[in-house]
Amino acid sequence: MSLLECRQVSKIFGALTALDHADLSVKPNEFHGLIGPNGSGKSTLLKCIAGAEIPTSGSVLLSGVDITGLTPAERAEAGLSLKFQITAVLAELSVYDNVLLAQQSQSSWLSLMRSRSRGALHERVMDTLQRFKLADRADDIAGTLSHGQQQWLEIAMALAREPKLLLLDEPTAGMSPQERRATGELLAPMRERCSLLIVEHDLDFIRDICDSLTVLDQGQIVASGRTQDVQEDERVKSAYLSHA
Amino acid sequence: MSEPSTKLHRAIPAIEIVLLAIALFLPLVLDDFWILFTTRVFILGLIALSFDLVWGYAGIMSFGQALFFGMAGYSTALIATKLGVTSVFLIVPVAALVGLVVSFAMALLVIFGKRQPSMVFVALGTLTGSYVVERLARGWSYVGGQNGISSLPRLTAGSYEISEGPVYYYMALGILLTVYVLLRLLTRSQFGLVLAGIRQREERIKFFGYRTQNYKGITFCIAGLISGMAGGLYGFHEGYIGPGQLGPVLSTQIVLYTLFGGAGTLIGSIIGVGLIDLFSFYLSQIWNTGWPIILGLLLLIVVMFKPTGLIGFLVGDRERAGSFGRIGAKSAAHVKGEV
């Protein structure tokens, strides 16, 4: 059974059809790439899955449960997590506090008032920072991190709730080649924990990390399947890859 | 291990200790007029703290603090004048309860609604509520109409009458200090971290699973409770409660107290009350008709050119933002051992 299933998802903004009856399926522990030219509807589809946008029609299912009408907070509880395209770390707080904020989200407000989980979460926060090479910057305010480090911090925060599915919107945007490589290395071990759906322009990164691929063009799915197969698809070559 | 790029210097605890020490010894050197004046500052300090909690920490622009303050003031004044209840042990909790209930009712309208409450919606909603209730009070003879309720009896503790002066001063200081310490704990708790997240990037933290409207609503109601408590104390201290204590003028004044002193620090809002009331008093002595113009210009200059308020001269951005999980020796060893 698919972990995520998008059925005939459409999104219309006024006269613009950003998504046109898009189908998408992601299996458990699969790394799935979502590519397409600018304006093809990749980010809109990701937002419809995450709850940042509500589809005009169609449905989104997670583990067989329809989550189309749920709020972002309810989707997070259902096992979905999102890293935004533009880095959205809490720039005035420390790196440590950013991760703590993400990790404590399962506690009740009453327990948070009494700071009951702060001590218990400390090891987890530090382990996460270690994993993302940010432990030695834990006390620094997040706004002082480099762009690449802010992207890693975002991913660390998105993984805090141990989601079933992590949605990554251009995780390597603005990164140096070394940082991109490091990002791939950071993500690889996640395969055992969750599935990834990645929107990315860097095709080399997608080829290296993804098991399967979906190509969008003008709001429609052009091809979907194993990465190797999709790359060989003539429609994909003409719609996207030949221009990349 | 690299040095933190922005070190945390703590100025607020030093300011708190100095101000507390001054407050504890002031009655020894002040005459009766200034003891009354400072007591009023403490009571208005409570309501300024409540506004700082909602605006400085949760990013909710509330023009309704006077509504909670005035409603509690009127309710307790009626209980005292109609039922003869003057015990401080009943009046203060009742005032707090009225503030809580009224703020909860307001929160149902402007925060817990189906639609996401924008800052403008909450500001206008609370302002309208404050205005409507003020107009109602002005026209309702049962609560004294334009004249309000005057000649309130004194608060009592058992058979002891709490008259205005040093005893009321220390009682107000004690309540202010208790509320301050509780708010300091709250804003530095994990709950405070969520408020910091809401203030900076509310849309982002919803994706972590936070129902941000609930957190905003809870904070709004806590602030309402504090405003209510202040309203009860104010009426009995002044011996009077009137429509002016319900309306937009006082609500705006509270906003100015906090912005002038510095939002998001707690202590800044109390400093704002003290300084604005002090300036107002002296300016009115110098120019008894035009002093509000001078005060208005002064406030405008501070708000425009020092958005962090006067406290911003002493407290850095890092300290204002706060630190919720400090890295001590244990975690430093954790880093050292694995990097």
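We name chains A, B, ... by the order of the sequence lines, and we start the count at 1 in each one.
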Practice problem: Go through the atoms of A:Val125 and report whether side chain, backbone, both or neither lie under 4.5 Å from a heavy atom of chain B. | Solution: neither

Quiz item: Using 4.0 Å as the upper bound for N to carboxylate O, is an ion pair formed by A:Arg137 and A:Asp140?
Solution: yes

Quiz item: Can you tell me if B:Ser62 and B:Trp55 form a side-chain donor-acceptor pair at under 3.5 Å?
Solution: no

Self-check item: Region of A:Leu121 that comes under 4.5 Å of a non-hydrogen atom in chain B
Solution: side chain

Quiz item: Highest number of heavy-atom pairs under 4.5 Å with chain B: which of A:Thr71, A:Leu112, A:Leu80, A:Leu82?
Solution: A:Leu112

Quiz prompt | salt bridge (charged side-chain N to carboxylate O under 4.0 Å, His left out) partners of A:Lys11, counting only residues at least two apart | solution = A:Glu53

Self-check item: Contact class of A:Arg116 relative to chain B, heavy atoms under 4.5 angstrom
Solution: backbone

Self-check item: Residues A:Arg180 and A:Asp202 bridged, charged N to O under 4.0 Å
Solution: yes

Quiz item: Among residues 204-221 of chain B, which ones touch chain A with a heavy-atom distance under 4.5 Å?
Solution: B:Arg204, B:Ile205, B:Lys206, B:Phe207, B:Phe208, B:Gly209, B:Tyr210, B:Arg211, B:Tyr215, B:Ile218

Quiz item: Excluding sequence neighbours, so at least two apart, what forms side-chain contact (heavy atoms from CB on, under 4.5 Å) with B:Arg199?
Solution: A:Glu92, B:Tyr57, B:Ala196

Quiz item: Under a 4.5 Å heavy-atom cut-off, does chain A meet the side chain of B:Leu195, its backbone, both or neither?
Solution: neither

Quiz prompt | Contacting region of A:Ala52 [heavy-atom separation from chain B under 4.5 Å] | solution = both

Quiz item: Looking at A:Ser111, A:Ala102, A:Ala73, A:Ala76, which has the largest count of heavy-atom pairs under 4.5 Å with chain B?
Solution: A:Ala73

Self-check item: Interface moiety of A:Ala50 toward chain B, non-hydrogen atoms closer than 4.5 Å
Solution: both

Practice problem: Salt-bridge test for A:Arg7 and A:Glu5: reply yes if a basic N is under 4.0 Å from a carboxylate O, no otherwise. | Solution: yes

Quiz item: Should the heavy atoms of other residues, nucleotides or ligands under 6.0 Å from CG of A:Leu110 be counted, would the total exceed 12?
Solution: yes

Self-check item: side chain to side chain contact (heavy atoms under 4.5 Å, CB included), paired with B:Ile311, selected from B:Leu266, B:Ile270, B:Ile15
Solution: B:Ile15

Quiz item: Checking heavy atoms, do the side chain of B:Leu186, its backbone, both or neither come under 4.5 Å from chain A?
Solution: side chain

Quiz prompt | Partner set under salt bridge (charged side-chain N to carboxylate O under 4.0 Å, His left out) for A:Arg161, not counting sequence neighbours | solution = none

Quiz item: Going by atom types alone, do A:His32 and A:Ser195 pair a side-chain donor with an acceptor below 3.5 Å?
Solution: no

Quiz item: Is a side-chain donor or acceptor of B:Ser189 paired with a backbone partner of B:Gly192 at a separation under 3.5 angstrom?
Solution: yes

Exercise. Could you have a look at A:Glu77, A:Gln103, A:Arg118 and say which one has the most heavy-atom pairs with chain B under 4.5 angstrom?
Key: A:Arg118

Quiz item: So which part of A:Ser117 gets closer than 4.5 Å to some heavy atom of chain B, the side chain, the backbone, both or neither?
Solution: both

